[in-house]
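Per chain, numbering begins at 1; letters A, B, ... match sequence-line order. The figures that follow rest on heavy atoms only: side chains count, while hydrogens, waters and symmetry mates do not. Quantities reported herein were computed from a predicted structural model and do not represent experimental measurements.
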Amino acid sequence: MSGTDIAKAYDPKLVEQRWYQAWLDARAFAGVADPAKAPFCIVIPPPNVTGVLTMGHVLNNTIQDILTRRARQEGKAVLWLPGTDHAGLATQSRVERELKKEGLDRRRMGREAFFQRVVEWRDKHGGIIIEQLKRLGCSCDWSRTVHTLDPAYSRAVLTAFVKLYERGYIYRGKRMVNWCPASQTALSDEEVIPKPQKGSLYHMRYEIVERPGEYIQIATTRPETLMGDTAVAVHPDDPRYANLRGAHVWRPFPRAQIPIIFDTAVDKDFGSGALKVTPAHDKVDFEIGQRHHLPIIEVIDAAGKLNELAGEEFMGLERFKARKLAAQKLNELGLLIKEDPYENNVGFSERADVPIEPRLSEQWFLKYPRIEEAKAAVRDGHIKFWPEHWSKVYLNWLDKIQDWCISRQVWWGHRIPVWYKKGADRNDAQNRHVSLDGPPDPQNWEQDEDSLDTWASSWLWPFATMGWPAPDAKQAQELDFWYPTNDLVTGPDIIFFWVARMIIAGLEFMRPGESLDRRIPFKNVYFTGIIRDKQGRKMSKSLGNSPDPLDLIDQYGADGLRFGTMNSAPQGNDILFDETNVELGRNFCNKLWNAARFRQMQGPTEKNGTIDAILNHFDAGIADADDQAILARLAETLDAVARDFAKYEFNTATQNLYAFFWGDFCDWYLEVAKARSGDEGTLKHVRAVQDLCLRQFLLLLHPFMPFITEELWHGLGFGAEGTFIQNAGAGTGAELLAKLATVGFKPDASAAAEIAGLREFVSQARALKAQFNLAARRDLKFALAANPHQAGTLARHGEKLRRLAGAAEVDLLAANREAPAGAAAVITPLGTLYLDLAGAVDKNAERARLAKEIEKLDKVIAGSEAKLANEAFTAKAPANVIEGARKQLADNQAKREELRRLLEALK
RNA sequence: GGGGGAGUAGCUCAGUUGGUUAGAGCGCCUGCUUCACACGCAGGAGGUCCAGGGUUCGAGUCCCUGCUCUCCCACCA
């Protein structure tokens with residue numbers, strides 16, 4: 001911006017792209033590991049490379065950008081390391097959908113061809129999100145962008161696998177997994193979404209072998225699995241079945257004897273208290289089966305169809321059709337007692353949205369290392385969680401942690417680096433080869449078909465992005481410099497998926513033998529809330545309730561979106577998204593823009609306006625209470641925002657910024673400045689105060705609104721050519737006051753109170769005018785019966801008061817002079833203010849108003865009197881509280897006296 | 001079932017270690033082209049701080065009980 005031809009309204013489109021390009025051209029975001037500076041590093045939670053920006057990303061990345069920009073301002077060596085995630089199953093599913101349209105199938109294409117196809121798809125659709133993050137203003141070091149399937153990163157992932165295998169943490173096992181029959185892969189517990197389903201509870205009966213004609217009653221929702229039953233279980237304390245120890249029942253089809261067993265996992269109070277046990281198709285049943293050494297009979301195959309073990313009638317039948325048929329058969333055999341409607345929770349595959357099938361499968365598992373250390377790291381405060389309460393959730397999970405199934409039947413990912421001797425037993429470790437590059441004689445081996453869970457790659461993010469495990473010389477120095485990283489900013493929904501696992505990985509792999517503080521991956525974890533719509537629903541594509549952040553940027557500007565989002569996001573709370581918040585941010589940009597315009601209209605600003613340069617025009621002799629008050633507020637705000645940063649309270653920070661700039665600087669100080677049109681010296685001085693406020697405020701605001709602050713920083717001449725605002729610090733309140741002291745400015749503690757009084761006075765005067773529908777009039781005469789100690793105030797601030805109140809005159813009444821006849825009156829901190837209406841006052845209405853005010857005061861005074869009359873209060877309350885109460889009482893009493901006098905005068 | 005979080009103005013939320021008469025933005029009502037800004041200015045209405053106990057001289061704030069909403073985990077076949 002330059003000269004006087006500045007647009008009336010701020011147009012972010014003209015500014016944002018230009019500055020972002022300038023930052024990129026200057027490599028302003030490059031992380032330089034400068035040992036002379038304190039390190040500050042954030043690694044981005046890698047978004048899905050083919051994803052697009054959501055409001056969740058906006059929240060998350062705005063916070064990260066705020067932290068990194070503030071750190072640069074503080075003179076730290078800053079690295080915000082970006083990257084993307086290959087999102088294994090999600091991406092593979094999308095490409096498979098495309099293939100289906102073309103009539104293709106990944107199995108027929110073969111692994112290599114399919115992988116290549118996904119690579120092409122990724123390269124075509126990937127990276128959009130990176131460009132979108134740039135639109136938001138994110139100051140990542142893009143030259144370091146990492147993708148989880150990059151060669152170096154992939155080697156890190158496989159290295160971790162090999163190391164953990166060698167250390168005995170990884171094993172292959174037949175275990176119950178959440179099998180998705182649609183995608184034909186195992187899912188982690190976290191990828192299974194329980195949904196309430198309406199179905200039936202089938203009550204059936206099995207005949208007791210040892211007592212023909214006697215039956216045991218069993219309830220089940222899944223009769224289609226009964227062919228895989230290998231026992232019936234009851235609770236050992238259940239008196240109804242105590243006499244059945246050692247007994248057996250007849251499984252109706254295929255007809256076979258199966259034992260009655262006793263296990264505490266059975267709920268006595270559910271149904272009849274007897275449970276059919278199908279170890280192959282239910283997690284709990286599998287565990288019971290293990291305890292009782294039951295055989296495992298799989299009757300459902302990978303596609304969710306029944307197999308030959310289920311019997312001829314069921315073979316090939318889809319599982320839900322089989323359910324109907326099984327019920328029908330039971331009924332025909334007279335074994336189905338009843339079928340009740342029943343609602344229960346069924347686990348659904350998050351991606352394919354079909355009921356998962358608990359299924360035994362050969363999988364790779366990780367037994368987590370370092371669990372105790374991972375707990376200690378958070379419990380003992382080496383890693384701080386914000387808000388703190390998430391640490392309970394974290395510790396709770398680690399207490400009940402289960403082995404992690406890390407293999408996925410997916411091709412888009414890191415293929416498990418295990419080879420099996422051709423034709424040999426894969427479960428015999430003798431027949432395996434585990435290494436990064438495979439066996440020397442590959443013709444004799446075949447590699448495991450599975451790939452690793454995506455989280456088994458991203459859990460290495462804080463160090464594998466920096467060159468681990470094979471850093472070159474430069475990387476080694478940087479890893480040493482920036483690890484552990486400072487802050488991690490993420491959603492609490494991935495506290496187990498990602499955060500906990502990164503902690504474990506860091507402790508296991510980084511700097512073996514060194515202290516906990518050196519091995520943890522980050523020092524602070526800030527958990528954002530979840531952005532919801534106005535009805536409190538999670539934002540989702542299917543609901544269509546998620547606004548497109550890019551539309552919002554087009555409409556309101558990136559700064560407006562950022563500020564509005566932060567302003568409405570208190571720490572630890574979910575955010576109900578409301579576009580009016582973004583509007584608030586946009587409006588604030590405009591306010592800032594216009595305050596700068598106003599300043600420029602008063603005269604040119606200096607080039608390279610440092611604080612010292614500005615202070616050349618500051619005249620301590622001219623400085624009055626308004627200057628005192630605004631500079632004190634500026635100093636306060638610098639410190640308040642610093643405190644907010646220390647506590648990660650970004651919404652409090654935006655509120656402090658907003659209140660200072662709009663409420664104090666614009667609403668009061670700039671208005672007052674308009675009235676201080678004395679000599680050239682006064683003008684220069686007042687401009688200097690404005691410049692100080694604008695300069696320090698732009699610095700303080702910059703992390704929240706990077707574009708407009710950069711624009712104004714240069715437009716107002718504060719920044720030298722080729723420099724950026726992110727490299728200048730806002731400083732503390734004390735530093736500002738110290739600078740001011742060098743030009744003879746001494747803080748005056750009473751100034752703030754005096755200005756508060758003036759503001760109240762002006763407000764009262766305006767209200768008085770409004771009461772008589774005279775708000776727009778500027779030719780009215782006021783008279784003030786000043787309080788004794790306020791007589792000088794009017795003299796000092798008369799010009800300002802007249803201008804702000806819109807008064808032609810404010811007469812100072814002599815102590816003994818009568819108030820004008822027929823005037824309306826209001827009590828202000830300066831004294832009683834009369835508005836001369838020359839008899840136009842409705843006396844009855846005025847009396848009613850005064851009486852009402854007196855009545856209100858009566859109540860307050862009565863409360864104060866009662867409190868002060870209470871000996872317990874005067875004996876126990878601290879002196880300053882008692883003093884405050886006394887003063888309040890005295891003030892109110894005096895005010896009431898004056899009101900009574902005014903009432904009397906109206907008679 | 002286990003563990004969190006939250007109930008304050010019509011809406012979304014602040015409210016420091018308990019201490020004057022509980023605040024902001026939006027919305028609403030009234031007025032205003034006042035020489036930066038109508039994305040603005042000015043004035044105003046609007047509150048049983050979920051309910052009931054308790055601690056205290058004093059509770060929106062601390063404790064207990066209950067109610068409502070919400071999230072996470074484990075899930076009853």
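Distance A/I494 CD1 to B/C72 P: 14 Å, rounded to the nearest Å. Rounded to whole angstrom, the span from the CD1 atom of A/I401 across to the P atom of B/C73 amounts to 14 Å. Spacing between atom NE2 of A/H235 and atom P of B/A77 amounts to 17 Å, rounded to whole angstrom units. Taking atom CG of A/N870 as the reference point, atom P of B/G58 lies 7 Å away to the nearest angstrom. When rounded to the nearest whole Å, the span between CZ of A/F588 and P of B/G40 equals 12 Å. Atom NZ of A/K867 and atom P of B/U20 are 7 Å apart (whole Å). With rounding to whole Å, A/E287 atom CD is found 10 Å from B/C76 atom P. To the nearest angstrom, P of B/U12 lies 18 Å from CG of A/L59.
In this structure a side-chain-to-backbone donor-acceptor pair under 3.5 Å is present from A/S272 to A/Q217. Distance alone, capped at 3.5 Å, places no donor-acceptor pair between the A/R896 side chain and the A/N892 backbone.
Base pairing of B/A59: no nucleotide in any strand meets the Watson-Crick or G-U wobble criterion (both distances under 3.5 Å). Base-pair partner of B/A6: B/U68 (Watson-Crick or G-U wobble, both distances under 3.5 Å). Across the strands present, B/C28 finds its partner in B/G44; the criterion is a Watson-Crick or G-U wobble pair with both atom distances under 3.5 angstrom. Across all strands shown, B/C13 pairs with B/G23; the Watson-Crick or G-U wobble distances both stay below 3.5 Å.
Straight-line distance between the C1' atoms of B/U34 and B/A38: roughly 13 Å, to the nearest whole Å. Taking atom P in both B/U48 and B/A9, the straight-line distance is 8 Å, to the nearest Å. Nucleotides B/C62 and B/U56 are separated by 10 Å at their C1' atoms, to the nearest Å. B/A74 and B/G19 have their C1' atoms separated by 46 Å, given to the nearest Å. Separation of the C1' atoms belonging to B/U8 and B/A51 is 15 Å when rounded to the nearest angstrom. Rounded to whole Å, the P atom of B/G52 lies 15 Å from the corresponding atom of B/C67. Between B/G23 and B/G60, the distance separating the two P atoms is 14 Å to the nearest Å. The separation of B/G15 from B/G3, taken at their C1' atoms, amounts to 28 Å, rounded to a whole angstrom.
The side chain to side chain donor-acceptor pair (under 3.5 Å) test applied to A/E287 returns no partner, not counting sequence neighbours. Scanning for side-chain contact (heavy atoms from CB on, under 4.5 Å) contacts around A/Q555 gives A/E579, with sequence neighbours left out. Considering only residues two or more places apart in sequence or on other chains, A/K887 meets the salt bridge (Lys or Arg N to Asp or Glu O under 4.0 Å) condition with A/D891.
Listed nucleotides B/G25, B/C76, B/U21 differ in distance to A/V860; the shortest reach to its side chain belongs to B/U21. Checking B/C76, B/C71, B/G19 against every side-chain atom of A/A877, the shortest atom distance belongs to B/G19. Distance from the side chain of A/Y658 is smallest for B/G25 among the nucleotides B/U21, B/A77, B/G25.
In this structure, A/R766 reaches the sugar-phosphate backbone alone: every heavy-atom distance under 4.0 Å involves primed, P, OP1 or OP2 atoms, never a base. Contact annotation for A/S568: no contact, since no heavy-atom pair falls under 4.0 Å across all strands. Counting non-hydrogen atoms under 4.0 angstrom, A/V277 reaches nothing in the nucleic acid. Using a 4.0 Å heavy-atom distance criterion, A/D267 is classed as a base contact. Nucleic acid contact class of A/L275 (heavy atoms, under 4.0 Å, all strands): base. Residue-level contact check: A/P878 touches the bases, meaning some heavy atom is under 4.0 Å from a base atom.
OP1 or OP2 of B/G43 lies within a sub-4.0 Å distance of a side-chain N or O belonging to A/S763. Here A/Y342 reaches the OP1 or OP2 of B/A77: one of its side-chain N or O atoms lies under 4.0 Å away.
Using a 4.5 Å heavy-atom threshold, the side chains of A/L201 and A/F270 count as touching. Within the 4.5 Å cutoff, the side chain of A/F661 has heavy atoms near those of the A/L592 side chain. Residues A/Y556 and A/L561 form no side-chain contact, since every pair of their non-hydrogen atoms from C-beta on lies 4.5 Å or further apart.
Judged by atom type and distance alone, A/N581 does not reach the base of B/U12 through any side-chain donor-acceptor pair under 3.5 Å.
Each of A/N587 and A/Q655 has a nearest nucleotide on RNA chain B; the 5'-most of these lies closest to A/Q655. Residues A/A9 and A/Q771 each lie close to RNA chain B; by heavy-atom proximity, the contact nearer the 5' end of the strand is made by A/A9.
With respect to the salt-bridge test (charged N to carboxylate O, under 4.0 angstrom), the residues A/R319 and A/E357 qualify.
Because its NZ or CZ atom is not both nearer than 6.0 Å to the ring centre of A/Y658 and within 45° of the ring axis, A/K591 does not count as a cation-pi partner of that residue.
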Check nucleotides 2-10 of chain B for protein N or O atoms closer than 3.5 Å to its own N or O atoms and list the pairs.
residue	atom	partner	partner atom	Å
B/G4	O2'	A/H389	ND1	3.0

Would you tabulate the side-chain donor-acceptor contacts of residues 223-234 of chain A under 3.5 Å, counting partners in other chains and residues two or more places apart, or write 'none'?
residue	atom	partner	partner atom	Å
A/E224	OE1	A/R323	NE	3.0
A/E224	OE2	A/R222	NE	3.0
A/E224	OE2	A/R222	NH2	3.1
A/E224	OE2	A/R323	NE	3.4
A/E224	OE2	A/R323	NH2	3.0
A/T225	OG1	A/R222	O	2.9
A/T225	OG1	A/K276	NZ	2.7
A/D229	OD1	A/K276	NZ	3.0
A/D229	OD1	A/T278	OG1	2.7
A/D229	OD2	A/Y206	OH	3.0
A/T230	OG1	A/P295	O	3.1

A/D664 vs A/R633, salt bridge (charged side-chain N to carboxylate O under 4.0 Å, His left out): CA-CA, chis, key distance, verdict: CA-CA 8 Å; A/D664 293 305; A/R633 277 286 291 138; 2.7 Å; yes
Nucleotides 27-37 of chain B: protein proximity per nucleotide (B base, S sugar-phosphate only, - neither; heavy atom, under 4.0 Å): -----S-BBBB
